[in-house]
Amino acid sequence: MPELPEVETTKRGILHNLQSKTVSKVIIRQTRLRWPVPEHLPETLSQQSIKTIQRRGKYLLFEFPHGHLISHLGMSGSFRVLPADTPIKKHEHIDLIFQDNLCLRYHDPRRFGCLLWTDQPIEQHKLIAVLGVEPLEADLTGEYLYQKSRAKRVAVKNFIMDSHIVVGVGNIYANEALFLANIHPTIPAQKVSLEQYEQLVKHIKQVLTTAIQQGGTTLRDFTNTDGQAGYFQQILHVYGKAGKPCSCGQAQIEKIVIGQRASYFCPACQPI
DNA sequence: AAAAGGACCTGGTGGC
DNA sequence: TGCCACCAGGTCCTTT
């Protein structure tokens, strides 16, 4: 489920509850996530405390004194902070247990997520070093996307979802931002104009910012909800709305598949 | 070098 | 009710 807003909300929730707390114990019930969970994690993390947590794209980077715990939620991962004696439910694979009877519990039915450890500088890690710009930072501009796309024939939707170009734009928000920028999702990236990329960037930033603000409203419940973020309740214009009338009143939302992902657009608002 | 497709998993839904 | 095909918010890796 997680798109960038949920990852950001998760980061804030964990930090709020666990910053500077010391790990007393780590319990691994399932090592088979996207990559095997390192077996040395209990010894490595024990008696270390969380200095801070950064978000890079959809990765959560827990900084400890001796290195970083790298986590990605994949399609179905979530973290919750719970009392350490809370009974285990299905798919709750990992516990980091802290002082004060607090437990950071990782839940992931599909197991596409990961928990990894590195003691090298985090920006040099294989998964992190290759990432593109942050969507909410100043280095994502229309000009940047325009320059990066000049030799790219892939659909613009795939282009903006490529984490080597820009991180954190998932399927929902790619669809929504393209709609708001009036850009048809299948147009080859190299055919999109500078002006269109400027509009697109404006809407990517806007839609993610709004969603994070909404996700923030669930933050106070971080310890006792099951991680359902508020961002999904926001008003979506096209995502999941195939066959429904567009707000423009001129056409119905269409669904097509691009790069094996469901894509939604309004044929009136987003001309080829 | 770029693009396309496969791979990794489980759970929910809708059709028959 | 049961069975089955299909779909899902991600992204790395291999093949073309």
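Side-chain atoms are counted along with the backbone in the values below, which use heavy atoms only and exclude waters and symmetry mates. Below, chain A is the first sequence line, B the second, and so on; all start at residue 1.
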Under 4.0 Å between a side-chain N or O of [X] and OP1 or OP2 of [N]?
X	N	value
A:His164	C:dC12	yes
A:Lys126	C:dT11	no
A:His91	B:dG11	yes
A:Arg34	C:dG10	no
A:Lys58	C:dG9	no

Without decimals, in angstroms, what is the distance between [X] [atom1] and [N] [atom2]?
X	N	atom1	atom2	result
A:Phe159	B:dA3	CZ	C1'	14 Å
A:Tyr106	B:dT10	OH	P	14 Å
A:Asp162	C:dC12	CG	P	9 Å
A:Asp108	B:dT10	CG	P	11 Å

Do A:Gln199 and A:Glu195 pair up side chain to side chain, a donor and an acceptor below 3.5 Å, judged on atom types alone? no
With a 4.0 Å cut-off on heavy atoms, is A:Tyr59 in touch with a base, just the backbone sugar-phosphate, or nothing at all?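 Sugar-phosphate contact only - A:Tyr59 comes under 4.0 Å of backbone atoms but never of a base.
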Heavy atoms only, 4.0 Å cut-off, all strands: where does A:Leu127 land among base, sugar-phosphate and nothing? sugar-phosphate
Restricting to ring pair (Phe, Tyr, Trp, His ring centres under 6.0 Å), what partner residues turn up for A:His91, sequence neighbours left out? none
Result for 5'-nearest mapping on DNA chain B, choosing between A:Arg153 and A:Phe112, is A:Arg153
In terms of side-chain heavy atoms of A:Arg111, which of C:dG10, B:dA2, B:dC9 is nearest? B:dC9
Side chain of A:Arg32 only, please: which of B:dC9, B:dA3, B:dG11 is the nearest?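 Selected nucleotide: B:dC9.
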Donor-acceptor pair, distance only, cut-off 3.5 Å: does the side chain of A:Asn182 make one with the backbone of A:Cys269? yes
Under 3.5 Å donor-acceptor, A:Ser24 side chain and A:Ile97 backbone: yes
Quantified in whole Å, what is the C1' atom distance between nucleotide B:dA3 and nucleotide C:dG9? 24 Å
If the C1' atom of B:dG11 is compared with that of C:dC12, how far apart are they to the nearest Å? 23 Å
Starting at the 5' end of DNA chain C, write a dot or bracket for each base, bracketing those in Watson-Crick or G-U wobble pairs whose two distances are under 3.5 Å and using | for partners on another strand. .|||||||.|||||||
All N/O pairs under 3.5 Å across the protein-nucleotides 5-8 of chain C interface:
from, atom 1, to, atom 2, distance (Å)
C:dA8, N3, A:Arg110, NH1, 3.2

What I'd like to find out is whether the side chain of A:Phe64 reaches to under 4.5 Å of the side chain of A:His68, using heavy atoms alone.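 Not touching, per the 4.5 Å side-chain cut-off.
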Indicate the ring-plane relationship of A:Tyr59 and A:His72, choosing parallel, tilted or perpendicular according to the 30° and 60° boundaries. perpendicular
